[in-house]
Amino acid sequence: MPEQRAAMWLMKSEPEEFSIADLERVGREPWTGVRNYQARNFMRDGMALDDPVLFYHSNCATPGIAGIARVASAPYPDPTQFDPDSDYFDPAARADAPRWLLVDIAFVRRLRRVIALEELRAAADRLGDLALLRRGNRLSVLPVSASQFKTILAMEKHAP
DNA sequence: GCCAACGTTGGC
DNA sequence: GCCAACGTTGGC
């Protein structure tokens, strides 16, 4: 039996660093700077071209889902790990054995309104075990099931 | 391999 | 700015 692939994702970004508006402006962005192995593994092993992504704004006044993106490349080495001038430089990374892989993310659309974390918590019974809502979770790349994705997008149409 | 110390994330 | 939660580091 083939292994089940998550197929849909949530990716966090601090809007002061890179917001959904920034993604809309550039159209496509290499998702540099992920330095957590579990998050890397999701990008390296789990993602496929065109997988849908919920674009989440973190560490801001109203944390929540702000837009939709999609996976726009196969995984490849994060170039910032080799750049001594980058905040994400990793002296242990070797060109012939890159430690950090990333994918490109492409803009799809903004949501009509931000679906706040608070609202997602309130809908926890309908969402089931959403990785984002697990206690103490800090992962910046998370799997989302198809039914969770659908439930979240349906929330967009209603007032919070 | 254990685990204390430390650094980071991210909501509040 | 606070601090809980968690991942990583490094001495032993």
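Remember, it's a predicted structure, so these values are computed and weren't measured experimentally.
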(message) Whole angstroms only, please: what is the CG-P distance between Leu132(A) and dC6(C)?
(response) 14 Å

(message) I need the CZ-P distance between Arg134(A) and dC6(C), as an integer number of Å.
(response) 11 Å

(message) Less than 4.0 angstrom between a side-chain N/O of Lys12(A) and OP1 or OP2 of dG10(B), yes or no?
(response) yes

(request) Locate the shortest heavy-atom distance separating Met155(A) from Arg113(A); write the atom from each residue and the value. (result) O-NH2, 2.6 Å

(message) In whole Å, I'd like the distance from the CG atom of Asp87(A) to the P atom of dT9(B).
(response) 11 Å

(request) Could you check how far NE2 of His57(A) sits from P of dG11(B), rounded to whole Å? (result) 12 Å

(request) Measure from CG on Leu10(A) to C1' on dT9(B) and round the result to the nearest Å. (result) 15 Å

(message) Given dA5(C), dT8(C), dC12(B), identify the nucleotide with an atom nearest to the side chain of Tyr37(A).
(response) dT8(C)

(request) For Asn59(A) and for Asn137(A), locate the closest nucleotide of DNA chain C by heavy-atom distance; then report the residue assigned to the nucleotide nearer the 5' terminus. (result) Asn59(A)

(message) Looking at Tyr56(A), I'd like to know whether one of its side-chain N or O atoms comes within less than 4.0 Å of OP1 or OP2 on dG11(B).
(response) yes

(message) How many whole angstroms separate atom CZ of Arg138(A) from atom C1' of dC3(C)?
(response) 12 Å

(message) Nearest 0.5 Å, please: how far is CZ in Arg40(A) from CG in Leu102(A)?
(response) 12.0 Å

(message) Could you report the tightest heavy-atom contact between Pro15(A) and Ser58(A), atom names first, then the distance?
(response) CD-O, 3.2 Å

(request) Determine, using ring centers only, whether Phe55(A) and Trp9(A) are less than 6.0 Å apart. (result) no

(request) Would you kindly give the CG-to-P distance between Leu117(A) and dT9(B), to the nearest whole Å? (result) 18 Å

(request) To the nearest Å, give me how far apart OH (Tyr88(A)) and P (dG7(B)) are. (result) 19 Å

